[in-house]
Amino acid sequence: MKTLSLCLCGLVVSFATSGCAIKKIAINKLGDALASGGTSFSAEDDPDLVKDAAPFSLKLMESLLSQSPRHQGLLFATSSGFTQYAYAFVQQEADEMEDQDLAAATALRARARRLYLRARDYGLRGLEVNHPGLGTALRKDQRQAVRVARAADVPLLYWTAASWAAAVSVQKDNPDLIGDLPVVEALMDRALELDERFNAGAIHSFLIPYELSRSGGTGDPIARSRQHFDRAMALCNGQQAGPLVAFAESVCVKRQDRTEFQALLNRALAVEVNAKPEWRLANLVMQRRARWLLDRTDELFLNKNQTNQGDRIMKNSEPFPTPSRARIPGQYFTPFPLTPALSLGERESHSGHLHRKLARRGPSRFLVDQANGGGTFCGPRLVRERQRIFPLPEGAGQGEGERGVRLADARDYSRTRPTTATRVARKPRLIWIAIRLLAALIPAGQLLAAESTLPINLGTIAPRGSSYHQSLLAMGEKWRRATDAKVKLKIFPDGNQGGEADMVRLMRVGTLDAGLLTAVGLSDIERGVVGLQSMPLMFRDLKEFDYVNEKLRPQLEKRLLDKGFVVLFWVDAGWVRYFSKKPMIRPDDLRRMKLFAWAGNEKQVDIMKQAGFNPVPLETGEIVTGLNTGLIDAFCVPPIFSLAGQLDLRAPHMLDLNWAPLVGAAVVRKETWDKIPVSAKASLLAAAVQAGEEIKAKSRRESDESVTAMRRRGLTVHAATPEIAVEWRKAVERVNHRIRGEIVPAEIFDEVQVLLKEYRDARTEKTT
């Protein structure tokens, strides 16, 4: 600080007594001092002091850059400084206050994004000092452009990429920024290639979460992340908390591995911050985040007894929303686990807990627990409780093998011969019946009032920070206020609870209470919902779709209610479109191509073949590989997912034809909904409907913006003239008789046709 003071004094004297040349020299000298003075902050043991002091330093450097705009040291220091300040003191504060003040947290995240973008711009300027035109070249061919960088450029490569990626991730609702992800990857990969040891493994730490969603990455993304984690820990000799927090927050949460999550964060807290003074501030900041994450463990993990799920990770990513169970790789579409597999010891622990609950309720039947080898009192309520905690995969038999617990239907227990203990325990049966009757007479509102909160766990494959997630958070905040904090909506984004089929199954057994699902997930509950999505070229514009959706909605909502689910709101994300490696305009063009089809949907594949196309069944995670190897030439997805998955870089042609809308809805289990006081339901539904309208408006806008963003990076959009549209409709009409009944229930298919005719006739009358 003494050196800095002397420099400032010298600068004042220089301004007063010298000309421009001397003034420039003085500025550069001060810039050199500021650029090399980062160790005073990095060794600080008082983060709050740094938080207060950093803005002055950053603004001072900016003012000097206005006088010496090509000072590379200042550009580096400003880029790294703004990035670190935004993360440690803006984004972290936003995360911490989200549960108490969502509006303030949202405003802070917007500020963090602006600071990250400012840091990115300084980083790009610093790179262009030695490599003029690099910024423009990165937009054209990023992999080739970064080849000019050398080892001396690694610090700027790292901080430019880190700030850019942070700007994308803090609020994932900007298609232009999402479209920049290939540039981020190119910068960071080049830095890794030039100096993997930079800053004791900082590049590897960055790549721990990034590998989970790298587009076109080979092998298991979890394994790639773990390799970077191991290397980062080796390079810092285990003396940095950052890699531990990064792996816990990204990989462990994705795997829903609570045990490793807590172990890693506790290791981060155990790091000795004074062992390496130059890492002291960074370690203190990351330890603060580790404590915050540990406090939020129950918010991040659905089941309190989840354990290592490594062997059950799905290696393909799943986007939100998707026209199928297929998964699209992309920055925000991360791997997800299947249902947790509990160890025998954990099951025994739960078994004791359930038996204590049973003792309070009164036993009714006897079950032989094959795992524990003893008699266990069990009744239908206990069966449901055990099924909630130990859910079986769909289609699994009653015997669970090594999982050990026979989760039979309650009818099986009624046929089991009671033991002496059971008969003795049934003596107070009338008392329990009376208690249950009394409970049934108490209004739901009074039951809820007796509890501190009613948690409603909602799962979705929508990415954290996306417009979908932001609207759900706002809905949850309104629910909290409307019920005086008695209803708490807990959102599990990123597909952490599995794909949509997994989430539907978890809702059925009561592990999840609600879900934001696409029509595909909803069709696992009620098949009729696909009538809004699986009828190609049926709707000419979104006004037609809105009309049919509004008319059909009561029928679909009743069907879902009959299956035990209440609809909170409906959404759509605009149209899905065809993308191809070569121009594809007419049906005959597509017939000459190999077309991606979702693996496992045999009916769809058969119908496509009947229409004369050449479907290639694949998992969605294989789209990139299929395009790279020539296995497929075309695919049909929403524009936002082609952008996020960088698919348009491999298939740079899009047909501007409204193929089908992408439909979804938020649903909640009726059993959960019935626990909410009647007086509060209207307010909660109103907030939900508003969230649905926000999501729909944002999604449609983002779809159009995604096309614009892809055009900027080389996408060619081919217009479909009315004559070409007629050709496509004729191709679809040849197989409509099979879509009706085999894909879409016949009565729903016919109802859509009737409603469309009704709408079009009315519109014709208005124009005549």
**Report entry** Crowding at NZ, Lys581 (>12 non-hydrogen neighbours, <6.0 Å)
**Finding:** yes
Query - Matching residue for Asp589 among Arg592, Arg586, Arg591 - test: side-chain hydrogen bond (donor to acceptor under 3.5 Å, both in side chains) - result: Arg592
Report summary line: Between the OG1 atom in Thr625 and the CD1 atom in Ile623, the distance rounded to the nearest 0.5 Å is 10.0 Å
Query raised in the report: Between Arg559 and Glu526, is the closest basic N to carboxylate O distance under 4.0 Å?
Result: yes
Report task. For Arg740 and Glu751, run salt bridge (charged side-chain N to carboxylate O under 4.0 Å, His left out): C-alpha distance rounded to whole Å, both residues' side-chain angles, the deciding distance at 0.1 Å, then the answer. Result -> CA-CA 11 Å; Arg740 179 186 183 274; Glu751 181 70 12; over 6 Å; no
Query raised in the report: Parallel, tilted or perpendicular: which describes the rings of Trp728 and Trp659, with under 30° parallel and over 60° perpendicular?
Result: perpendicular
Query raised in the report: Is it the case that Glu185 and Gln142 place a side-chain donor and acceptor less than 3.5 Å from each other?
Result: no
Requested in this report: Please tell me if the side chains of Asp546 and Asp572 come closer than 4.5 Å, counting only heavy atoms from C-beta onward.
Outcome: yes
Query raised in the report: Does a side-chain N-to-carboxylate-O contact under 4.0 Å join Arg553 and Glu550?
Result: yes
Report summary line: All heavy atoms of Val529 vs all of Leu556, minimum pair found to be N-CD2, 4.1 Å
Query - Cationic N near anionic O, under 4.0 Å, Glu193 to Arg190 - result: yes
Requested in this report: Ignoring hydrogens and angles, state whether a donor on the side chain of Tyr759 or Arg763 is under 3.5 Å from an acceptor on the partner side chain.
Outcome: yes
**Report entry** Taking every non-hydrogen atom, the tightest pair across Met507 and Gly515
**Finding:** SD-N, 3.5 Å
**Report entry** Chi angles and distances behind the side-chain contact (heavy atoms from CB on, under 4.5 Å) call for Leu662, Thr518
**Finding:** CA-CA 8 Å; Leu662 200 61; Thr518 68; 5.6 Å; no
Query raised in the report: Just wondering, are more than 12 heavy atoms of other shown residues or ligands nearer than 6.0 Å to NZ in Lys563?
Result: yes
Query raised in the report: Sub-3.5 Å donor-acceptor pair from the side chain of Thr160 to the main-chain atoms of Leu157, do we have one?
Result: no
Query raised in the report: Just wondering, do Val732 and Met538 contact through their side chains at under 4.5 Å, heavy atoms?
Result: no
Requested in this report: I would like to know whether Met503 and Asp524 meet side-chain contact (heavy atoms from CB on, under 4.5 Å); could you show each step before the answer?
Outcome: CA-CA 10 Å; Met503 286 189 281; Asp524 286 340; over 6 Å; no
Query raised in the report: Charged N to carboxylate O under 4.0 angstrom, Arg226 versus Asp220?
Result: no
Report summary line: Between Met188 and Ala162, the two heavy atoms sitting closest are CE-N, 4.0 Å
Requested in this report: Output yes when a side-chain donor or acceptor of Ser523 lies under 3.5 Å from a complementary backbone atom of Val520, and no otherwise.
Outcome: yes
Report task. Please examine the side chains of Leu138 and Leu124, heavy atoms only from C-beta on, and report whether any two atoms are closer than 4.5 Å. Result -> yes
Query raised in the report: Going by heavy atoms in the side chains, are Met584 and His718 under 4.5 Å from each other?
Result: no
Requested in this report: State whether Glu733 and Arg729 are salt-bridged, where the test is any N-O pair (Lys NZ or Arg NE/NH1/NH2 against Asp/Glu carboxylate O) under 4.0 Å.
Outcome: no
Query raised in the report: Between Ala644 and Ile178, which heavy-atom pair has the shortest distance, and what is it?
Result: CA-CG2, 3.6 Å
Report task. Check for a donor-acceptor pair, side chain of Asp502 on one end and backbone N or O of Gly499 on the other, with a separation under 3.5 Å. Result -> yes
**Report entry** Salt bridge flag under 4.0 Å for residues Asp173 and Arg113
**Finding:** yes
Query - Any donor-acceptor N/O pair, Gln610 side chain to Val735 backbone, under 3.5 Å - result: no
**Report entry** Ring-ring centroid check Phe539 Phe545, cutoff 6.0 Å
**Finding:** yes
Report task. Could you give me the CA-CA distance, side-chain angles and deciding distance for Phe749 and Ile739, then say whether side-chain contact (heavy atoms from CB on, under 4.5 Å) is met? Result -> CA-CA 9 Å; Phe749 189 97; Ile739 294 175; 4.2 Å; yes
**Report entry** Salt-bridge criterion met for Asp494 and Lys254 (N-O under 4.0 Å)
**Finding:** yes
Query raised in the report: Does the side-chain contact (heavy atoms from CB on, under 4.5 Å) test come out yes or no for Phe596 and Val616, once each step is laid out?
Result: CA-CA 5 Å; Phe596 166 80; Val616 179; over 6 Å; no
Requested in this report: Kindly indicate whether the side chain of Phe579, heavy atoms from C-beta on, has any atom under 4.5 Å from the side chain of Leu647.
Outcome: no
**Report entry** Any donor-acceptor pair under 3.5 Å from Ser466 side chain to His469 backbone
**Finding:** yes
Query - Shortest non-hydrogen contact between Ser225 and Leu212, atoms and distance - result: OG-CD2, 3.6 Å
Query raised in the report: Any donor and acceptor pair, going by atom type alone, linking the side chain of Lys609 with main-chain N or O of Pro615 inside 3.5 Å?
Result: no
Query raised in the report: So, does Ser699 use its side chain to make a donor-acceptor pair with the main chain of Lys696 at under 3.5 Å?
Result: no
Query raised in the report: Under 3.5 Å, is there a donor-acceptor pair between the side chain of Asp633 and the main chain of Lys594?
Result: yes
Requested in this report: Check whether the side chains of Asp180 and Trp164 place a donor and an acceptor atom closer than 3.5 Å, and report yes or no.
Outcome: yes
Requested in this report: May I have the step-by-step check of salt bridge (charged side-chain N to carboxylate O under 4.0 Å, His left out) for Asp648 and Arg713, ending in yes or no?
Outcome: CA-CA 9 Å; Asp648 61 299; Arg713 63 185 200 183; 2.6 Å; yes
Query raised in the report: Between CG of Leu618 and CG of Leu595, what distance do you get to the nearest 0.5 Å?
Result: 10.0 Å
Query raised in the report: Rounded to the nearest 0.5 Å, how far does CG of Leu542 lie from CH2 of Trp575?
Result: 5.0 Å
**Report entry** From Arg712 atom CZ to Arg139 atom CZ, the distance as rounded to the nearest 0.5 Å
**Finding:** 9.5 Å
Requested in this report: Taking the side chain as every heavy atom from C-beta outward, state whether Val184 and Phe206 have any atom pair closer than 4.5 Å.
Outcome: yes
Query raised in the report: Would you call Tyr210 and His228 a side-chain contact if the rule is heavy atoms closer than 4.5 Å?
Result: no
Report task. Looking only at non-hydrogen atoms, find the nearest pair between Gly692 and Phe569 and report the distance. Result -> CA-CD1, 3.4 Å
Query raised in the report: In terms of side-chain geometry, is the basic nitrogen of Glu693 or Arg700 positioned less than 4.0 Å from the acidic oxygen of its partner?
Result: no
Query raised in the report: Rounded to the nearest 0.5 Å, what separation is found between the CG atom of Leu649 and the CG atom of Leu643?
Result: 8.5 Å
**Report entry** Min side-chain heavy-atom separation Pro638-Arg577 under 4.5 Å
**Finding:** no
Requested in this report: Without swapping roles, check the side chain of Gln533 against the backbone of Val663 for a donor-acceptor pair under 3.5 Å.
Outcome: yes
Query raised in the report: Are Arg255 and Asn496 close enough that a side-chain donor and a side-chain acceptor fall under 3.5 Å?
Result: no
Requested in this report: Can you measure from OH (Tyr547) to CG (Leu756) and round to the nearest 0.5 angstrom?
Outcome: 9.5 Å
**Report entry** Side-chain donor/acceptor of Arg464 to backbone N/O of Pro493, under 3.5 Å
**Finding:** no
